[in-house]
Amino acid sequence: MNTASAKKVRKAVFPVAGLGTRFLPATKVIPKEMLTVVDKPVIQYAVDEAIEAGIEHFVFVTGRGKGAIEDHFDLAYELEATLKARGKTAEFEMLKASRPAAGAASFVRQQEPLGLGHAVWCARDIVGDEPFALALPDMLIHGKRGCFAQMIDTYSKHGGNIIAAEEVPHEHVNRYGVLALTEDLGNQTHRITGMVEKPKIEDAPSNLIISGRYILQPEIFAKLETQKPGAGGEIQLTDAMIALLAEQDFFSYRFEGTTYDCGDKIGYLAANVAIALSRSDIEPKFRPVLEKLIRA
Ligand code: G1P
């Protein structure tokens, strides 16, 4: 794989079939991806990141009870017509900018919870024979420039498969996919020589983890097709990537930005506080409240 053969990344896949048991009872009726961080659902942050990176088609791998996600990315005709009629232009434009154009969103169901690798494989017919971006929406990445936009720059230089990476404390590596690297290619990019899903702490090749953003070549689908269950008895994307690593280039990219794991209560609360503090419309009123709470 080289730059000349690096096809444009037009599609992004969002696995959103997870049950969200860690957020019950909130997620009994509402999909966990629709929980709000300040005033946007968690899923919207990942979609906005993809829009910023020039993604043209959005593929959601959903499951039963996830209809609210489909409605969220549809045109809300009555609402938008009313906003327009009442001259609420800012709200109207905000809704318009945050949903895919007509025909640019697809929804496919993962019928059984067989793992992340299986969820990605469920998108194969919609993605087809082209590279695609993949976002795990629980991982909310906040920074000046979106993680996907940064990764697309790296992809246009190197081609191949790109994985967003970041360091975590060594004692946390067993919660993630962990990377082994060689060859510093500059601009925070390294060649990946190995990876392992949820290793024992003592077996982890580094403390550099897979952060939930990927650019993958379509050959990953053939690997997923025959992938046996791995860590946790689930079909793991990392295991299929290990198989593809024998045939294709994989690069890690250490993005600029902070990750909040919104699949976890502490990460979700931290995301709310951090994003509220980064917003000029909220920070001046919120900071004194927060300081008072902390002092109490
Ligand atoms: C998944 C991936 C793992 C990655 C993690 C990031 O794990 O399998 O490689 O590091 O997302 O959040 P999960 O969180 O689904 O267990």
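Counting convention: from 1, in listed order, for ligands and their atoms alike.
Polar contact with ligand 1: present for I210 (N/O pair, distance under 3.5 Å). Note: no N/O pair closer than 3.5 Å links Y176 and ligand 1 by distance alone.
Residue contacts with ligand 1: R175 is excluded, as none of its non-hydrogen atoms falls under 4.0 Å. At least one heavy atom of L116 lies less than 4.0 angstrom from ligand 1. Between L136 and ligand 1 there is a heavy-atom distance shorter than 4.0 Å.
Side chains of H118 and Q110: a donor-acceptor N/O pair is present below 3.5 angstrom, by distance only. For the residue pair S278/E283, the side-chain donor-acceptor check at 3.5 Å is not satisfied. No donor-acceptor contact under 3.5 angstrom links the side chains of H158 and T189, judged on distance only.
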_F250 vs Y214, test: ring-ring contact (aromatic ring centres under 6.0 Å, His included). Steps then yes/no._
CA-CA 10 Å; F250 275 76; Y214 314 69; 9.4 Å; no
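Remark: among candidates E197, R213, E234, Q236, the nearest residue to atom 3 (C) of ligand 1 is E197, based on non-hydrogen atoms.
Distances below 4.0 Å separate heavy atoms of T238 from the following atoms of ligand 1: 9 (O).
For atom 14 (O) of ligand 1, the closest non-hydrogen atom on the protein side is K198 NZ, 4.6 Å.
Remark: side-chain polar atoms of R213 are paired, donor with acceptor, to backbone N or O of L136 under 3.5 angstrom.
None of K32, K265, R22 except one satisfies the salt bridge (charged side-chain N to carboxylate O under 4.0 Å, His left out) rule with D138; the exception is K32.
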